[in-house]
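Okay, structure first, notes after.
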Amino acid sequence: MQQSKRRIALFISGMYGGGAQKAWVNLARGMVENGYPVDLVLASAKGPLMDTIPGDVRVIDLNSRRVIYSLPRLVQYLRKQRPAVLISAMNYVNITALWAKYIARVPTRVIISVHGVPSSSAKNPSDKLGKLMPLFTKLFYPWADEIISVSKGVANDLAQLTQIPLNNIRAIYNPVITPDLKKGMKAPLHHPWFKDKKIPVILAVGRLAPEKDFSTLIKAFALVRQKRPVRLMILGQGQEQHLLEELIQSHNLEQDISLMGFVANPYAYMSRAALFVCSSQWESLSLVLIEALYCGAALVSTDCPYGPREILQGGKFGKLVPVGDTSGLARAIEASLDTPKTVTPREWLRFFELDTVVKQYLAVSFSN
């Protein structure tokens, strides 16, 4: 079969609701709207974001329990379909994509994208195979036709970890600002906390996982609550649900903090919150911080590696505090509640818009 000169394949593990998965759905939509046929190639076609995939995007289900097990079927796909470009996201997926092209011996360009913080992943491997990932990235990432990172900080981190020259890594932000975001932020919201204008609502969004450090946020909120009436709402679900519930109870804050679980449209909350807080220990970019920025919320974030400092332009568009600094976070929250919101320039937000990012990916994909 001849190579499809325009077909783009976007390869990822599945549709389980992370930032990379959302980015791939948005990229697929934007590329199709620009006239390119797109295959969304999934190691396993499962997850809550399956319903968000546009109907004109072809889904290729490799039906594999783990990403690495999808290698033989990915090789078959490449040999049969011969897409012009295969773009992958995240460590295991990137390695599998590179191996697949090597085995398939096809002219498909392989572009890998780095969505996590490589040094943090190396220090905190999720399994035994994860311990080998630093070695794998050093050995196999140079095989890629192009390497993309989701922030300049991640590009620097990857270069230091792998000795890949920094000028061989392109930083392209994720496509965060989409028509769905613009529509969602204007949707009705009937939660009673937003009807009481006298008590400000602080919002946080993310997986209830250690790296999001919602424990520090709750402790900081407790300090603020001692001085003034205020409420905290956290949207997300995850492994630390019970730990956070116990922490809330220990501070007698059950009436002031709400763990809302998964919310399909967080943008309606972002556009109405008095303040949005990111308390993470690390972020490759922080999509929710960009979303909240666009929705007009006042912002406080930890100055974690690497996204927040880039997004907030060194503190120009929101306050930055050290990671894990409970009292510092509390002071920043108080100061932000007492300070008028900063208006973010349209020129800066444009870097995160779907159309801008799609054009950058297309330029990289067909640069030869």
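Count residues from 1 along the sequence. These numbers come from a predicted model, not from an experiment.
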Next item on the list: Would you indicate whether the side-chain heavy atoms of D157 and Y306 approach each other to under 4.5 Å?
Entry: yes
Item checked: side chain to side chain donor-acceptor pair (under 3.5 Å) involving Y269 - partner list, sequence neighbours excluded -> none
Note to self: Checking I87 against I112 for the side chain to side chain contact (heavy atoms under 4.5 Å, CB included) test, could you report, in this order, the C-alpha distance in whole Å, the side-chain angles of both residues, the deciding distance, and whether it holds?
What the structure shows: CA-CA 6 Å; I87 310 176; I112 61 174; over 6 Å; no
Next item on the list: Establish, yes or no, whether a centroid distance under 6.0 Å links the rings of Y102 and W99.
Entry: no
Item checked: Counterpart residues, side chain to side chain donor-acceptor pair (under 3.5 Å), relative to Q241 (two or more places apart) -> E245
Next item on the list: Decide yes or no for S13 and Q21: does some side-chain heavy atom of the first lie under 4.5 Å from some side-chain heavy atom of the second?
Entry: yes
Margin query: If you count heavy atoms of other groups shown closer than 6.0 angstrom to CZ of R346, is the number above 12?
Written below: yes
Check: Transitively linked via ILVMFWY side-chain contacts under 4.5 Å: Y92 with I103?
Finding: yes
Item checked: Separation between CG of L86 and CD of Q81, rounded to the nearest 0.5 Å -> 12.5 Å
Next item on the list: Report yes or no: does D303 contribute a side-chain atom to a donor-acceptor pair with the main-chain N or O of L320 at less than 3.5 Å?
Entry: no
Next item on the list: Measure from the ring center of Y36 to the ring center of F366 and say whether it is less than 6.0 Å.
Entry: yes
Notebook entry, point to check: Would you find a donor on one side and an acceptor on the other, under 3.5 Å apart, between the side chain of K101 and the backbone of T108?
Noted result: yes
Checklist line | Shortest non-hydrogen contact from G35 toward R6 | finding: O-NH2, 2.6 Å
Next item on the list: Could you tell me which non-hydrogen atom of S336 sits nearest to which non-hydrogen atom of L299, and how far apart they are?
Entry: OG-O, 4.3 Å
Check: Applying the 4.5 Å side-chain criterion to the ILVMFWY set and letting contacts propagate, would V364 and L166 be lumped into a single cluster?
Finding: no
Next item on the list: Provide the closest heavy-atom pair for E283 versus P308 in the form atom of the first, atom of the second, distance.
Entry: CB-CD, 4.1 Å
Check: Mind checking what makes ring-ring contact (aromatic ring centres under 6.0 Å, His included) contact with F351, not counting sequence neighbours?
Finding: W348
Check: Is V343 isolated, or which residues cluster with it under the ILVMFWY side-chain rule of less than 4.5 Å, directly or via members?
Finding: none
Margin query: Tell me every residue that passes salt bridge (Lys or Arg N to Asp or Glu O under 4.0 Å) with E211, counting only those two or more places apart in sequence or in another chain.
Written below: R207
Checklist line | With F262 via ring-ring contact (aromatic ring centres under 6.0 Å, His included) - residues at least two apart | finding: none
Next item on the list: Tell me whether V59 is reachable from M31 by hopping between hydrophobic residues (I, L, V, M, F, W, Y) whose side-chain heavy atoms are closer than 4.5 Å.
Entry: yes
Check: Yes or no on side chain to side chain contact (heavy atoms under 4.5 Å, CB included) for I147 and N168, after CA distance, side-chain angles and deciding distance?
Finding: CA-CA 7 Å; I147 302 174; N168 289 354; 5.7 Å; no
Next item on the list: Show which residues join L259 in its hydrophobic cluster (side-chain heavy-atom contacts under 4.5 Å, direct or indirect), or state none.
Entry: I202, L208, F214, L217, I218, F221, V224, V230, L232, I234, L243, L244, L247, I248, L253, I257, L275, V277, V300, V321, L329, I333, L337
Checklist line | Inter- and intrachain pairs under side chain to side chain donor-acceptor pair (under 3.5 Å), touching residues 216-232, at least two apart | finding: D213-T216, R225-D256, K227-E334, R228-D338
Margin query: Using modelled atom types and a 3.5 Å cut-off, is there a donor and acceptor pairing between side-chain atoms of R170 and backbone atoms of A155?
Written below: no
Margin query: Can you confirm whether the side chains of Y361 and N34 place a donor and an acceptor under 3.5 Å from each other?
Written below: no
Check: Would a distance-only check, ignoring hydrogens and angles, find a side-chain to backbone donor-acceptor pair under 3.5 Å from T178 to L181?
Finding: yes
Item checked: Distance in Å, Y141 OH paired with L161 CG, rounded so as to fall on 0.5 Å steps -> 9.5 Å
Note to self: Applying salt bridge (Lys or Arg N to Asp or Glu O under 4.0 Å), can you list everything that pairs with R272, at least two apart in sequence or on another chain?
What the structure shows: none
Item checked: Minimum heavy-atom distance between P54 and V25, given as atom pair plus value -> CD-CG1, 4.2 Å
Check: Looking at A187 and N265, what are the two nearest heavy atoms and their distance?
Finding: CB-ND2, 3.6 Å
Next item on the list: Check whether any side-chain N or O of R73 sits under 3.5 Å from a backbone N or O of L62 as a donor-acceptor pair, and report yes or no.
Entry: yes
Notebook entry, point to check: If you measure from CE on M270 to CD on E291, what distance do you get to the nearest 0.5 Å?
Noted result: 4.5 Å
Check: Short question: side chain of S149, backbone of V154 - any donor-acceptor pair under 3.5 Å?
Finding: no
Next item on the list: Mind checking the OG1-CD1 spacing from T137 to I164? Nearest 0.5 Å is all I need.
Entry: 7.0 Å
Item checked: Test item: side-chain donor near acceptor, E353 and T356, under 3.5 Å -> no
Notebook entry, point to check: What is the distance from atom CG of N94 to atom CD1 of I148, rounded to the nearest 0.5 Å?
Noted result: 10.5 Å
Check: Are Y16 and V288 grouped together when hydrophobic residues (ILVMFWY) are joined by side-chain heavy atoms under 4.5 angstrom apart?
Finding: no
Next item on the list: Of all the heavy-atom pairs spanning K319 and L312, show the shortest one and how long it is.
Entry: O-CD1, 4.2 Å
Check: Does any pair with a residue in residues 179-200 pass side chain to side chain donor-acceptor pair (under 3.5 Å), and if so which ones, sequence neighbours excluded?
Finding: none
Next item on the list: Would you please test L74 and F11 for side chain to side chain contact (heavy atoms under 4.5 Å, CB included) and show each step?
Entry: CA-CA 9 Å; L74 182 60; F11 178 39; 3.5 Å; yes
Next item on the list: State whether the number of non-hydrogen atoms from other residues, nucleotides or ligands found under 6.0 Å of E254 atom CD is greater than 12.
Entry: yes
Notebook entry, point to check: For V323, does its backbone N or O pair with a side-chain atom of T302 as donor and acceptor, under 3.5 Å?
Noted result: no
Next item on the list: Could you tell me the separation between the CZ atom of F276 and the CE atom of M233, rounded to the nearest 0.5 Å?
Entry: 13.0 Å
Pairs of donor and acceptor atoms involving the side chains of residues 38-52, under 3.5 Å and at least two apart or interchain, shall be tabulated with distances.
residue	atom	partner	partner atom	Å
D39	OD1	R7	NH1	2.8
D39	OD1	R58	NE	2.7
D39	OD1	R58	NH2	3.3
D39	OD2	R58	NH2	2.8
D39	OD2	Y77	OH	2.6
T52	OG1	L49	O	2.6

Margin query: What I want to check is whether the side chains of Y173 and E310 have a donor and an acceptor closer together than 3.5 Å.
Written below: yes
Next item on the list: Run the numbers on F317 and K341 for side chain to side chain contact (heavy atoms under 4.5 Å, CB included), then give the verdict.
Entry: CA-CA 9 Å; F317 306 133; K341 297 178 183 178; over 6 Å; no
Notebook entry, point to check: Do any N or O atoms from the side chain of S113 and from the backbone of S88 form a donor-acceptor pair under 3.5 angstrom?
Noted result: yes
Margin query: Quick check on the hydrophobic clustering: are V201 and L223 connected, directly or via other members, by side-chain heavy-atom contacts under 4.5 Å?
Written below: no
Item checked: Test salt bridge (Lys or Arg N to Asp or Glu O under 4.0 Å) applied to D325 - qualifying residues, sequence neighbours left out -> none
